[in-house]
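Please read the structure below before turning to the comments.
All heavy atoms count here, side chains included; hydrogens, waters and symmetry mates do not. Letters go in sequence order (proteins before strands), and every chain restarts at 1.
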Number of protein chains: 2
Amino acid sequence: MQENDRQTSRTQLAVESIRSLIFSGDLAAGTDHLENELAERLSMSRTPIREATRVLEAQGLLEVRPRKGVRILTLSAEDMNEIYVVLTELESLAAGLAARGKYSKAQLKPLLQSVLDMESSLQCKDRESWAAADERFHDELVRLAGNSRIAAITSNFNDQVRRARAFTLHLRPLPVKSNEEHRALFEAIARGDEKGARKIHWRHRENARKTLIGILEEVGMKHL
Amino acid sequence: MQENDRQTSRTQLAVESIRSLIFSGDLAAGTDHLENELAERLSMSRTPIREATRVLEAQGLLEVRPRKGVRILTLSAEDMNEIYVVLTELESLAAGLAARGKYSKAQLKPLLQSVLDMESSLQCKDRESWAAADERFHDELVRLAGNSRIAAITSNFNDQVRRARAFTLHLRPLPVKSNEEHRALFEAIARGDEKGARKIHWRHRENARKTLIGILEEVGMKHL
DNA sequence: GCGTAATTTAATGTATACGTTATCCCATAC
DNA sequence: GTATGGGATAACGTATACATTAAATTACGC
């Protein structure tokens with residue numbers, strides 16, 4: 001009856017389902033949910049739900065508050081700032097490491113492709129596809145850095161700010177400048193310019209951070 | 001009969017107990033342990049053990065391998081390097097943020113105290129107490145940076161490399177230079193020199209990284 | 001009506017039961 | 001001796017039972 005495989009255990013399924021529900025907003029930030037409710041919703045007993053929520057708590061997506069249910073975490077502007085500061089630092093480091101990697105043009109192809117994709121998305125003013133390409137760019141950048149810890153942390157933080165980014169996607173100006181920065185970063189990595197890559201990406205992220213925080217303050221969005 | 005309080009739930013107790021057992025070496029790196037074994041050892045049922053091991057897995061201290069028990073993770077020299085690279089980056093960032101904080105002498109007292117403690121430990125050649133003061137120094141530094149994410153990540157990584165550091169503590173030369181660096185960093189923070197603080201700490205950590213990796217390679221320690 | 005104590009409710013923490021199945025062991029075939 | 005297959009074992013995943021206790025509700029005295 002039950003699947004024993006780690007990939008398809010109810011616990012694993014619960015982790016993924018709850019993550020999706022959080023990202024989609026079905027479990028809105030700031031709302032509370034009892035174990036029973038989640039169990040019923042996902043058609044399983046409380047046992048896998050409990051294991052899943054403990055894992056998601058460790059990942060910073062929710063908070064277990066005994067007798068009040070799990071609370072989907074909200075992010076204040078201050079939280080956002082903290083996260084962006086760390087992302088800026090670690091991705092810049094990643095950019096430097098990627099440049100140090102002396103990759104060939106062929107190896108950098110996926111990175112270049114994501115830049116091209118962003119440029120074409122920008123021409124059609126298609127923000128959604130631009131965002132998707134942007135995510136690929138950042139993922140690829142971190143992958144090229146070859147440090148699994150950096151990858152794990154940035155992935156986790158990107159999960160945490162995903163909602164905020166989606167929210168502001170349509171509120172901010174078309175990211176023309178952002179694209180120029182991506183291209184410049186690509187060039188720096190391609191020519192193995194570690195310091196340059198670091199600096200370019202650092203400024204890129206700083207800009208992104210300021211834009212995001214600016215919008216959140218403008219909209220008076222205290223929590224997201 | 002059971003304690004319901006989050007602080008003293010069996011799950012929480014299991015998390016802390018298992019952590020201690022790992023740090024003390026009672027659960028040695030690379031060894032496997034069945035849920036039943038752990039449950040019996042900690043005098044509780046498998047339920048809290050399972051929840052605890054999932055959390056510890058998310059924290060990177062062990063790996064759940066169905067039917068083979070949980071494996072206490074070992075760290076290769078490469079893992080160590082990855083972790084130190086990230087620690088270097090984030091703690092340097094913390095040092096810069098601490099300097100930017102423009103703290104008063106009074107507020108910096110704990111930091112200074114840990115430097116003084118290290119210096120006196122060094123005079124008695126007491127490595128253990130030096131290491132304890134060193135840990136206080138780094139904790140305080142990160143605290144002063146005022147970014148809870150940096151604190152969480154560095155704390156987690158320090159946990160992961162704790163065994164390795166303890167192992168090499170008596171193999172490396174007395175950290176005279178390290179102490180000079182701590183003092184210099186303190187001065188930089190005290191005078192609000194953000195760039196200087198960053199640079200000093202970066203070099204400090206780089207030295208620590210190279211020393212550690214050097215020793216591990218010298219001793220031919222592939223895993224720890 | 002209001003504050004406090006008693007009572008009920010229900011969410012949780014934990015133990016336990018049990019079905020499933022990976023793994024091990026051995027018998028048999030070659 | 002090696003390989004294959006079947007059966008036993010036991011570790012795990014999950015559901016469920018149940019005691020505990022925080023929170024909600026009611027009862028009560030003033």
Return the minimal non-hydrogen interatomic distance between Leu144(A) and Gln107(A), and the atom names on each side.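 In terms of heavy atoms, the two residues are closest at CD2-O, 4.3 Å.
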
Of the non-hydrogen atoms in Gly146(A) and Glu82(B), which two are nearest, and what is the gap between them?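 Heavy atoms of Gly146(A) and Glu82(B) come nearest at O-OE2, 3.7 Å.
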
Cut-off 3.5 Å, side chains only: do Gln113(B) and Asp117(B) have a donor facing an acceptor?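 Yes - a donor-acceptor pair under 3.5 Å links their side chains.
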
Respond yes when some side-chain nitrogen or oxygen of Arg50(A) is under 4.0 Å from OP1 or OP2 of dT12(C), and no when none is.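 Result: no.
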
Side-chain N or O of Arg10(B) closer than 4.0 Å to phosphate OP1/OP2 of dA15(C):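 Yes.
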
Can you measure [X] atom [atom1] to [N] atom [atom2] for me and round it to whole angstrom units?
X: Asp32(B); N: dT23(C); atom1: CG; atom2: P; answer: 12 Å
X: His33(B); N: dA11(D); atom1: NE2; atom2: C1'; answer: 16 Å
X: Glu40(A); N: dA11(C); atom1: CD; atom2: P; answer: 12 Å
X: Glu57(A); N: dT12(C); atom1: CD; atom2: P; answer: 13 Å
X: Gln12(A); N: dG13(D); atom1: CD; atom2: C1'; answer: 13 Å
X: Glu51(A); N: dT14(D); atom1: CD; atom2: C1'; answer: 9 Å
X: Arg65(A); N: dA22(D); atom1: CZ; atom2: P; answer: 16 Å
X: Glu35(A); N: dT14(C); atom1: CD; atom2: C1'; answer: 12 Å

If you check every side-chain atom of [X], which of [options] has the closest atom?
X: Pro48(A); options: dA15(D), dA10(C), dA17(C); result: dA15(D)
X: Arg54(A); options: dG13(C), dT23(C), dA15(D); result: dG13(C)
X: Thr47(B); options: dT14(C), dC12(D), dT12(C); result: dT14(C)
X: Arg67(A); options: dT14(C), dA11(D), dT20(D); result: dT20(D)
X: Lys68(A); options: dT14(D), dT20(C), dA23(D); result: dA23(D)
X: Leu34(B); options: dT12(C), dC12(D), dA15(C); result: dC12(D)
X: Asn36(A); options: dT12(C), dC12(D), dA15(D); result: dT12(C)

Residue closer to the 5' end of DNA chain C, Arg46(B) versus Val70(A) (nearest nucleotide):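 Going by which nucleotide is closer to the 5' end, it is Val70(A).
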
Test side-chain hydrogen bond (donor to acceptor under 3.5 Å, both in side chains) on Arg46(B) and Asn36(B) and set out the steps. CA-CA 6 Å; Arg46(B) 280 173 49 224; Asn36(B) 272 329; 4.6 Å; no

Taking for each residue the nucleotide of DNA chain D bearing the nearest heavy atom, is the 5' side occupied by Met44(A) or by Gly69(B)?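 Between the two, 5'-proximity favours Gly69(B).
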
Less than 4.0 Å between a side-chain N and a carboxylate O, is that true for Arg54(A) and Glu35(A)?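 Yes, Glu35(A) and Arg54(A) are salt-bridged.
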
